[in-house]
Amino acid sequence: MTTYHNPIGIHAQVWVGDWSPASARKACASSVEAGYDLIELPVSSIEEFDPVMTAAIVAEYGLKMGASLGLQEHSDISSEDDAAVQAGRAVLREALSLVRDCGGTYLGGVIYGKLGRYTAKATPRGRANSMAVIAELADEAAASGITLGLEFCNRYETNLMNTTAETLAYIDEVGRDNVVAHLDCYHMNIEENSFRDAVLAASAAGKLGYVHVGESHRGYLGTGSIPWAEFFGALHEVNYQGPITFESFSSEVVQPVLSRNLCIWRNLWTDSMDLARSAREFIRENYGA
Ligand code: MN
């Protein structure tokens, strides 16, 4: 098998639910021990996130860094409520400054609206509010060499973009070079007609910027129903060079806000290191990086 050189990442919540110096060290040391190159930090849901401490520990372990967040009801920039839009704008600008202060180059996730259940369709005004904030944030990010990734989610976690095509349409309307599509196979599995078509479309638009790998139940890779050969084959077909970050959540590691927003009710694993090593080996064997 050909060897590929994508950075292979892991979400910090596989290891820890908070970001004290001791937890940051445990997460970084464990990521390296399990064979990963990159750690993804959930910047908004971690209290008292210290960028100087984070940068030092991430550098000490020689890791690359990614950052992600999901907005909440009170900070939903796709709302028609101006107070929520302004609160979300403040959350995003703070997250961007944390990423910049850590020396990071990527801020992704559900940054375009609330991560959570909606009971109505997105409105044109709400969508316009979201795009206005993202356009402004992208300009600020560009000044620091930071890329913004829009992670579309399944219908139960956002009403704004559920597919690659919808994400590309939004990005096209925002019209900023440093805004990319962030594809997560957990969400794709629920919403896309075809994994291959989705990857090819994002790549053809020049917007395939970041990839999350997660199983259909968000547990051990290879034990669910994701069509891995098709997905990994498509990433090879378009010569994707960007990060591939493993996400898995269990009630074993609890970060209250994120766990609740992602509906992590089941205990899908108990041993973080066993899970992480297994995922790393799965990516090596099935992707070739
Ligand atoms: Mn994801």
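Atoms within each ligand, like the ligands themselves, are counted from 1 in listed order.
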Query - Working for salt bridge (Lys or Arg N to Asp or Glu O under 4.0 Å), residues Arg25 and Glu60 - result: CA-CA 9 Å; Arg25 185 167 292 283; Glu60 181 185 330; 2.8 Å; yes
Query raised in the report: Between Glu73 and Lys114, is the closest basic N to carboxylate O distance under 4.0 Å?
Result: yes
Requested in this report: Give a yes or no on whether the ring-centroid distance for Tyr4 and His236 is below 6.0 angstrom.
Outcome: yes
Query raised in the report: So which of the N, O or S atoms of His212 lies nearest the Mn ion (ligand 1)?
Result: ND1
**Report entry** Main-chain N/O of Ser272 paired to Glu252 side chain as donor or acceptor, under 3.5 Å
**Finding:** no
Report summary line: Answer key: the N, O or S atom of Asp184 nearest to the Mn ion (ligand 1) is OD2
**Report entry** Atom of Glu247 closest to the Mn ion (ligand 1), considering N, O or S atoms
**Finding:** OE1
Requested in this report: Would you mind naming the N, O or S atom of Glu151 nearest to the Mn ion (ligand 1)?
Outcome: OE2
